[in-house]
Amino acid sequence: MDDLEKHIRNKREALDIHEPDPGLWNKIEKQLPRRNIVSVPQLWKAAAALLIAVAATAAVLRMTGLTVVKEQSAISVVRETEQYYTGLLNSLYEKAEPLLTANPDIRNELASGMCELDTISMSIREDLKDNAATGEVLEALIRNYRLRIELLEDMLRIMNDEGPENENRQDYEL
């Protein structure tokens, strides 16, 4: 220990006889330069809020982008399906046209059945616009087209069986 330190230790009680003014520290503090100190918990809160905002924005953008891709994909599949089945229906109508002209009752019955299926088809297409279970809606649309084809094929079969060459035919049962 050096001499000054020994002297202060020995005379400490004699030196501590005066109390400092209570406002002294406030005066000293006012003269100190101000520093804006951000506490660590506030930084963590800000970082967490920023992270949540970025994640939410990314999720919304991803879902919006996927929805657009899914809608475009579903629309193209529906168009392809409609083109395929419309082609089949048109070829069957071409085969049936001469027979339907000769049988106006069958033509009316066929038109009535097709009208009902058209109404169902329009309802199915509305479900596609609502983005409801696209796979199931597409299957329902295909079933609707298949029913139309079956109806036309059945009418063709009936009209062909009733044709003039088959009028003299006899059916035998065993």
Side-chain angles (χ1 to χ4, degrees), residues 35-174:
R35 290 190 332 200
N36 292 335
I37 300 174
V38 178
S39 66
V40 174
Q42 289 177 346
L43 285 176
W44 281 106
K45 290 176 186 176
L50 182 64
L51 182 64
I52 289 170
V54 168
T57 303
V60 167
L61 290 176
R62 185 178 310 125
M63 288 173 20
T64 304
L66 289 177
T67 303
V68 169
V69 169
K70 285 180 184 178
E71 286 176 9
Q72 290 173 348
S73 173
I75 290 170
S76 67
V77 169
V78 168
R79 283 185 185 152
E80 290 174 11
T81 303
E82 286 178 337
Q83 287 175 350
Y84 173 76
Y85 283 106
T86 302
L88 283 175
L89 285 170
N90 288 338
S91 69
L92 285 172
Y93 268 118
E94 287 176 13
K95 290 178 186 176
E97 188 59 39
L99 298 170
L100 289 172
T101 303
N103 297 307
D105 292 337
I106 294 177
R107 176 187 288 276
N108 291 339
E109 190 176 334
L110 179 65
S112 172
M114 288 296 180
C115 185
E116 288 179 33
L117 290 171
D118 281 341
T119 304
I120 294 170
S121 179
M122 295 304 273
S123 172
I124 292 170
R125 284 191 183 100
E126 286 298 317
D127 288 343
L128 272 175
K129 290 179 185 174
D130 296 339
N131 289 332
T134 306
E136 294 172 9
V137 173
L138 186 59
E139 287 176 24
L141 189 62
I142 290 171
R143 270 186 259 125
N144 184 278
Y145 275 112
R146 287 182 180 165
L147 283 173
R148 291 174 192 222
I149 290 170
E150 285 178 28
L151 182 61
L152 258 172
E153 287 174 341
D154 289 346
M155 289 293 179
L156 273 171
R157 195 174 309 113
I158 290 169
M159 289 187 293
N160 284 330
D161 288 347
E162 292 177 358
E165 67 276 352
N166 293 328
E167 285 180 4
N168 296 331
R169 192 183 90 199
Q170 296 178 351
D171 291 328
Y172 296 95
E173 265 185 53
L174 295 176

Novice: Kindly say whether T119 contributes a backbone atom to a donor-acceptor pair with the side chain of S123 at under 3.5 angstrom?
Specialist: no
Novice: First locate atom CG of L89, then atom CD of E94, and finally report the distance between them rounded to the nearest 0.5 Å.
Specialist: 11.5 Å
Novice: Would you find a donor on one side and an acceptor on the other, under 3.5 Å apart, between the side chain of N144 and the backbone of L117?
Specialist: yes
Novice: Provide the closest heavy-atom pair for I149 versus L92 in the form atom of the first, atom of the second, distance.
Specialist: CG2-CD1, 3.7 Å
Novice: Got a sec, which pairs hit salt bridge (Lys or Arg N to Asp or Glu O under 4.0 Å) with one end in residues 109-122, sequence neighbours left out?
Specialist: D118-R148
Novice: Determine the minimum heavy-atom distance between A102 and P104, stating which atoms define it.
Specialist: O-CD, 3.5 Å
Novice: Which residues pass the side chain to side chain contact (heavy atoms under 4.5 Å, CB included) test with E97, sequence neighbours left out?
Specialist: T101, R107
Novice: List for me each residue that meets side chain to side chain contact (heavy atoms under 4.5 Å, CB included) alongside T81, sequence neighbours excluded, and say none if there are none.
Specialist: V77, Y85, L138, I142
Novice: Report yes if the side chains of Y145 and T86 come closer than 4.5 Å at any heavy-atom pair, otherwise no.
Specialist: yes
Novice: Using the salt bridge (Lys or Arg N to Asp or Glu O under 4.0 Å) criterion, which residues pair with E82? Sequence neighbours excluded.
Specialist: R125
Novice: With a 3.5 Å cut-off and sequence neighbours excluded, list the donor-acceptor pairs that the side chains of residues 151-158 form with protein atoms.
Specialist:
residue, atom, partner, partner atom, Å
D154, OD1, R157, NH1, 2.8

Novice: Would you please name every residue forming a side chain to side chain contact (heavy atoms under 4.5 Å, CB included) with A140, sequence neighbours left out?
Specialist: I124, R143
